[in-house]
Chemist: 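Structure provided below as structure tokens; questions to follow.
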Amino acid sequence: QKEVEQNSGPLSVPEGAIASLNCTYSDRGSQSFFWYRQYSGKSPELIMFIYSNGDKEDGRFTAQLNKASQYVSLLIRDSQPSDSATYLCAVGPQGGGNKLTFGTGTQLKVEL
Amino acid sequence: DVKVTQSSRYLVKRTGEKVFLECVQDMDHENMFWYRQDPGLGLRLIYFSYDVKMKEKGDIPEGYSVSREKKERFSLILESASTNQTSMYLCASSLYVSGSSYEQYFGPGTRLTVT
């Protein structure tokens, strides 16, 4: 069983719609959760992090964490073609610390 | 802004060559990482370092070594390059945020091709 799972996609949404990206993780004690955006041929860029259950909003992005169900999601409102990228979910270890475990990413395509 | 730089964006080497990949960060971060990224396999940790001259193996250290002589610089060494080491190599450094959580920031990556 993979430690961090994401649907590889592609997830296609029309411009202006809400894109919903999901991630599940296996380590119940994980404490920190991150979303990275990666454009083709580029390196991952940190866009959101969340540590507590509930929602965290930053502009058009909302991260949602449900530790009981062991999932974290990223909502992108008013999706733009520039949001087309692969989104990586990363999870920090139980007890905290440096090492992140990454999912393989979900490819998002925002269509005109 | 955190800045992580890598010495080369693209590199082509021959099988058996010794290859050095350099990474420099300018934010005084203690922790630095080397990953490789391959299609369908995601990011895999090769080595990380939590202080000068301190290192720890990641998930796939075979065929690689690292060096950290100065806090800002972390080098990845392929002792004898092989074709299965053709990949995108990503360096990262991490910033302590709160509680026991760290945020990782990536360099631009080096696409290495071994022929």
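Values reported hereafter were calculated over all heavy atoms of this structure, with side chains retained and with hydrogens, waters and symmetry mates removed. Naming convention: chains lettered A, B, ... in sequence-line order (proteins, then strands); numbering from 1 in each chain. Computed from a predicted model, the values in this text were never measured in an experiment.
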Chemist: Between B:Asp38 and B:Arg36, does any side-chain N to carboxylate O distance fall below 4.0 Å?
Modeler: yes
Chemist: With disulfide bond (SG atoms under 2.5 Å apart) as the rule and sequence neighbours excluded, what pairs involving residues 31-77 of chain A come up?
Modeler: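 For residues 31-77 of chain A, and leaving out neighbouring residues, there are no disulfide bond (SG atoms under 2.5 Å apart) pairs at all.
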Chemist: Does anything in residues 6-18 of chain B form a side-chain hydrogen bond (donor to acceptor under 3.5 Å, both in side chains)? List the pairs, not counting sequence neighbours.
Modeler: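 Every pair satisfying side-chain hydrogen bond (donor to acceptor under 3.5 Å, both in side chains) with a residue in residues 6-18 of chain B: B:Gln6-B:Thr110.
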Chemist: Who in residues 48-69 of chain B is close to chain A, using a strict under-4.5 Å heavy-atom cut-off?
Modeler: B:Phe48, B:Lys57
Chemist: Should the ring pair B:Tyr35 and A:Phe102 be called parallel, tilted or perpendicular, given that the plane angle runs from 0 to 90° and is split at 30 and 60?
Modeler: perpendicular
Chemist: May I ask you to say whether A:Glu57 pairs ionically with A:Arg77, meaning some side-chain N is under 4.0 Å from a carboxylate O?
Modeler: yes
Chemist: Going by side-chain contact (heavy atoms from CB on, under 4.5 Å), name the residues that satisfy it together with A:Ser69, two or more places apart in sequence or in a different chain.
Modeler: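 Here the qualifying residues are A:Asn66, A:Tyr71.
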